[in-house]
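The chains referred to below are lettered A, B, ... by the order of the sequence lines, with proteins before strands, and numbering in each begins at 1.
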Amino acid sequence: MHIRNILVTNALPFANGPIHLGHMLGYIQADIWVRFQRMQGHTVHYVCADDTHGTAIMLSAEKVGISPEQFIEGVRLEHHRDFQRFLVDFDIYHSTHSEENRELATDIYLRIRTAGKIAMRKISQLFDPERGLFLADRFIKGQCPKCKAEDQYGDNCEVCASTYAATDLINPRSTISGAAPVLKDSEHYFFKLPDFADMLKEWTRSGVLAVSVANKLSEWLQSGLQEWDISRDAPYFGFEIPGAPGKYFYVWLDAPIGYMASFRKLCAEKGLDFGAYWNEGASTELWHFIGKDIVNFHALFWPAMLEIAGYRKPTQISVNGFLTVNSQKMSKSRGTFIMADTYFRHLNPEYLRYYFAAKLGQNPDDLDLNFEDFTLRVNADLVGKVVNIASRCAGFINKNFDGMLSATDSQPVLTAEFQRAAAEIAEHYDAREYGKAMRQIMALADKANAWIAEKQPWAVSKTAPQSKEVQDICSVGINLFRLLMIYLKPVLPQMAQQVEAFLQVPALHWAQASTTLGSHRIGTFIPLMTRVDPASITAMLDASKSSLAVPVPAEVALLSPLAKEPIAAEIEFPDFAKVDLRVVKILHAEHVEGADKLLKLTLDLGADDKGQTVQRTVFSGIKSAYQPQDLIGKHTVLVANLKARKMKFGWSEGMILAAGDGKDIFLIAPHEGAVPGTRVT
RNA sequence: GGCGAUGUAGCUCAGUUGGUUAGAGCACCGCAUUCAUAAUGCGGGUGUCGGUGGUUCAAGUCCACCCAUCGCUACCA
C-alpha cells in the first residue's frame, strides 16, 4: 500500500473568546478525517494553535487587567481543554505568539521584501486621540450618513444596509474611549498581491478547492486584487516588523504562518523533518481545514506568500460552512449560542460528532443543528440500530457459551457483503462525504437487525439454549457489529474503545475489516451508549441563556465604566494627601454568617514604631467575586485612616480598594515586592 | 446595492451526464415479535421537487425572471 504522509491543520481559533459549537464543526470534521487516515495506516501530523495577535486581544487583556501574554495563555489552555473533551486529537496545540512563529514570520517577510513584493505608502486613518491608537472600523460608531440611524459601525449600516467609509459617519466616536476620532497619516506596508493574480487564477482551479469555493474566489480575482495592508501601528499586540520600529505585522500575516510554527515545534519534539512538509516540491500532502469565512486569507494571500517565500502550497483546502441551531443563526437570547463547555456539561460529545458526521459533505454548505432531529437521530441510529445488534446477541453468548464465539462463520455471504462495503465507505471518508458513509453504515445496521430477526435466536434458544445454531447466529451478529464499529471508529473513538474492551481485542484498524473473530472469548456486554435525554438539552439551552455574558469587546467598550460614571470634580493635591493608603497583607479571610455580600478580612500592616504588629479587621463586599482561601496571603491596599464603622457583624476598620460595578469585582493589588505598611502615593 | 449558497414528504437529507409511476432515515399509523438500553421486523407516501415563464419528444435536473432564508462584499475579527 502507498503510505501517505499528510500534515493536517485546523483553522486557528482567535484567542478572544471561548470555543462554541460553531467552531467545533470544522474541528470535528478534520479530526474524523485524521483518525480515518490513521486507521488506514497513513502517517498524519495534526496541528493547531491559538491565533493570538491584534488590537482586540490587547484590549481584552487590558479589560481583565492582565498582560496580553497571560491572557492568551489562559485562553489557549481553555481552548485546548475544549478540543480534548470533544475528542479532537491534535498532536500539538501551540500559539502564534511563540518564538517559532516570530522567527518564521520574520523570515518569510524578509523573503517577500527581498523579492520586491513589499510596497510602502502613507494612508490616512481614523485615530483615537485619547487612547493613541488607530481604529479599525469595528471600533468606530456613529450616525449612518444615509439613513441617520444611530449607533452604527464604521463600515456599514445595519439598519439601511448601506456601506460607507468610517470617515463618512456623522458624529463618529471611538468605542474604546468615546473620544471623537481624528484623521491621521501613517506609513503602511503592503504585500503586492496583484502580482500573483495569474498564479492564483490557475491555482484556485487546480482541484485544491471545491468548485463552489473557487467560483466565489473568482469574484475577487476578476474584479482585480488589491495590495494587502500587512502592517499596524503601535500599540499593537504582535510581532514588530524588522527594520520598522513601531510597526507590527497585521494578525492575518502571521496567523497562517502559525501552522508552520506549530509544526516546527512538533518537529523539534518528535524529530520530524520540517522541510519534508514545507519545502517547495515536497512530495507530502498539506491539508488545511477552515471555515468559509476565512477562505480569502487561505486561498489568496497565503499561497502567494508561500510561493514568493519559496515554500510549497497546500494540497487541499477543505472548507466548511456555518452552523445554525434550529434553523437560525446562533443567538444568545434564544440560548442557542452554545459554548463547547456548556454542551460538555450536559451532553456526550460523541452525540455531536455523530450528528455532524451524518450531515457533513465536502461542500461548504451550512449545517443545521436541530435538537429534535439530533435526539431522534442519535437515539435511533446509534442506540436503536448499532448498539442494539451487540446488545441483543451478547446476552446469549455470555450466558450460554461462556463468552465464546463460534469457530467458523456460518454466514460467509452476509459477512462478505459487510466486508465489501469497507472500500466504498473508505472512499466516502477520504472524500469527506461523511454523510454518505454514515448512511451506508446505517443501512448495514438495518440489514444486520433484520437478519437477526429472521433467524430468531431467542426462539431456538428456548428449546436448545446451548445449541450450535444459537451460538452461530449470535456470533455472526457480534462479528457484523464489530465490522460496523470499525467503520464508525473515526467518528466515535471513545465508544470504539469501549467496544474493544468488550470484544477483548486490540485497537481496531481499517484493515481488520477483512477478518472476523472465531473461537474468541468476548467480555460481558456493558451499555455502550445511553440515549439522549431531552431534559439535558433543555438544561443546556437554559444554561446557555443564563451565561450569555462573554460580550463582544466593542459592545463592552460602549458601556465603558467611564461612560457610565464620568470623572468626578477636580481636587487639589492636599485633598488627595488626606487619604492615607497603605499596602496590607491579607492574613485571614472568612465568610460572615448571615451576610450576603461580605467577607471578613484580617489585614497585616506590619510593625509600628514600637515593634508591635498592627492588624485591622475589615468587612468587604467582595464575597461574590472571591473565595476566602484564595485571598489569604495576597497583598492589597487599605484606606488606613478611614473612620471605623460599626456594622451589623462588627466594627470595620477601614476599606480595601477594589474596582468594579458590583457584579465583577477586582481587588487592587501592588506589584510584587511591596511590603505591608508602605504608604501608597 | 452587487455577488454567492440554499429552497425536494411533518423533520433531516439523497437525487450522477435531463429519460419509465421522485427516494432514504426518522416521526406517524397498523400488524408481528419480546433476545435487546420501551430496542427489532414487516406493511403503509395524493410531496403544485420555492414561484412564474421558457428550451426539449422528455426537466427536480438546463435557461430567464421573481420570492424566501442565510452568507460574503479584502486594511473585518
Rounded to whole angstrom units, what separation is found between the CG atom of A:Leu126 and the P atom of B:C75? 14 Å
For residues A:Asp381 and A:Tyr354, is any side-chain donor paired with an opposing acceptor at under 3.5 Å? yes
With both distances under 3.5 angstrom, what nucleotide forms a Watson-Crick or G-U wobble pair with B:G2? B:C72
With rounding to the closest Å, how many angstrom separate the C1' atoms on B:C35 and B:G41? 13 Å
Work out how far the P atom of B:G50 is from that of B:U6, and round it to whole angstrom. 12 Å
Within the structure shown, what part of the strands sits under 4.0 Å from A:Gly395 by heavy-atom distance: base, sugar-phosphate, or nothing? nothing
Round to the nearest Å and state the distance from A:Asn348 atom CG to B:U37 atom P. 19 Å
Any side-chain N or O of A:Tyr250 under 4.0 Å from OP1/OP2 of B:A74? no
So if I take every side-chain heavy atom of A:Arg392 and compare against B:C35, B:C75, B:U37, which nucleotide ends up nearest? B:C35
If pairing means Watson-Crick or G-U wobble with both distances under 3.5 Å, then the partner of B:A9 is none
Centroid separation A:Phe301 to A:Phe191 less than 6.0 Å: no
Identify whether any heavy atom of A:Leu528 sits under 4.0 Å from a base atom; if not, whether one sits that close to sugar-phosphate; answer base, sugar-phosphate or nothing. base
Taking atom C1' of B:U69 as reference, at what distance in whole Å does atom CG of A:Asp365 sit? 14 Å
Using atom P of each nucleotide, how far apart are B:G2 and B:C65 to the nearest Å? 12 Å
What's the closest nucleotide to the side chain of A:Asp229 if the choices are B:A27, B:C75, B:C13? B:C75
From C-beta outward on A:Asn449, which listed nucleotide comes closest to its side chain: B:U37, B:U40, B:C35? B:U40
Between atom OH of A:Tyr434 and atom CZ of A:Phe356, what is the distance when rounded to the nearest 0.5 Å? 13.0 Å
If the C1' atom of B:G19 is compared with that of B:G15, how far apart are they to the nearest Å? 14 Å
Taking for A:Trp228 and for A:Arg439 the nucleotide of RNA chain B with the nearest heavy atom, the one nearer the 5' end belongs to A:Arg439
Considering only the P atoms, how many Å lie between B:G25 and B:G43, rounded to the nearest integer? 10 Å
Identity of whatever pairs with B:C49 - Watson-Crick or G-U, under 3.5 angstrom: none
Of the nucleotides B:G41, B:C13, B:C75, which one has an atom closest to the side chain of A:Ala453? B:G41
A:Lys192 atom NZ, over 12 foreign heavy atoms within 6.0 Å: yes
What integer number of Å spans the C1' atoms of B:A9 and B:A14? 13 Å
Which of B:G41, B:A27, B:C75 is nearest the side chain of A:Ala450? It is B:G41
Pairing partner of B:U21, by Watson-Crick or G-U wobble and under 3.5 Å for both distances, is none
Taking for each residue the nucleotide of RNA chain B bearing the nearest heavy atom, is the 5' side occupied by A:Trp451 or by A:Ala358? A:Ala358
If I take atom CG in residue A:Asp373 and atom P in nucleotide B:C28, what distance separates them, rounded to the nearest angstrom? 14 Å
Over all strands shown, is A:Asn388 touching base, sugar-phosphate only, or nothing at heavy-atom distances under 4.0 angstrom? base
B:G10 to B:G4 separation - P atoms, rounded to the nearest Å: 31 Å
Can you tell me the distance, in whole Å, between the CG atom of A:Asn320 and the P atom of B:C72? 14 Å
What does A:Val387 touch in the nucleic acid at a heavy-atom separation under 4.0 angstrom: a base, only the sugar-phosphate, or nothing? base
Taking atom types as modelled, is there a side-chain donor on A:Trp252 or A:His53 under 3.5 Å from an acceptor on the other? no
For the side chain of A:Asp368, counting heavy atoms from C-beta on, which of B:G41, B:C13, B:C11 is nearest? B:C13
Closest to the side chain of A:Phe14, out of B:G15, B:A77, B:G25, is B:A77
Counting distance only, does the side-chain N/O of A:His20 pair as donor-acceptor with the main-chain N or O of A:Ala340 below 3.5 Å? no
From the list B:C26, B:A77, B:A74, which nucleotide is the closest neighbour of the side chain of A:Leu193? B:A74
Taking a pair as Watson-Crick or G-U wobble with both distances under 3.5 Å, which nucleotide is matched to B:A27? none
With P as the reference atom in both, quote the distance from B:C70 to B:U52 in angstrom, rounded to an integer. 24 Å
Candidate nucleotides B:C35, B:A74, B:G25, ranked by approach to the side chain of A:Phe301 - the nearest: B:A74
Basic-acidic side-chain contact under 4.0 Å: A:Glu227, A:Arg121: yes
Report which part of the nucleic acid A:Pro457 touches: base, sugar-phosphate, or nothing (heavy-atom distance under 4.0 Å, all strands). nothing
For B:A32, what is the paired nucleotide under Watson-Crick or G-U wobble rules, both distances under 3.5 Å? B:U40
Would you classify A:Phe297 as touching base, sugar-phosphate or nothing, given that sugar-phosphate means primed atoms plus P, OP1 and OP2, and contacts are heavy atoms under 4.0 Å? base
Give none if B:U16 has no partner; otherwise give the nucleotide forming a Watson-Crick or G-U wobble pair with it, both distances under 3.5 Å. none
Out of B:A36, B:G25, B:C35, which has the shortest distance to the side chain of A:Asp381? B:G25
Can you see which heavy atom on A:Asp368 is nearest to which on A:Tyr355, and at what distance? O-OH, 3.5 Å
Does A:Asn296 contact B:A74 through a side-chain donor or acceptor facing the base, at a distance under 3.5 Å? no
Heavy atoms under 4.0 Å, any strand shown: does A:Gln226 hit a base, just sugar-phosphate, or nothing? base
Would you classify A:Asp446 as touching base, sugar-phosphate or nothing, given that sugar-phosphate means primed atoms plus P, OP1 and OP2, and contacts are heavy atoms under 4.0 Å? sugar-phosphate
Kindly indicate whether the side chain of A:Trp203, heavy atoms from C-beta on, has any atom under 4.5 Å from the side chain of A:Asp198. no
Does A:Lys292 put a side-chain nitrogen or oxygen below 4.0 Å from OP1 or OP2 of B:U73? no
Which base, if any, makes a Watson-Crick or G-U wobble pair with B:U56, both distances under 3.5 Å? none
Mind checking if A:Leu225 touches a base, just sugar-phosphate, or nothing, with heavy atoms under 4.0 Å? base
Looking only at side-chain N and O atoms, does A:Lys359 come under 4.0 Å of OP1 or OP2 in B:U12? no
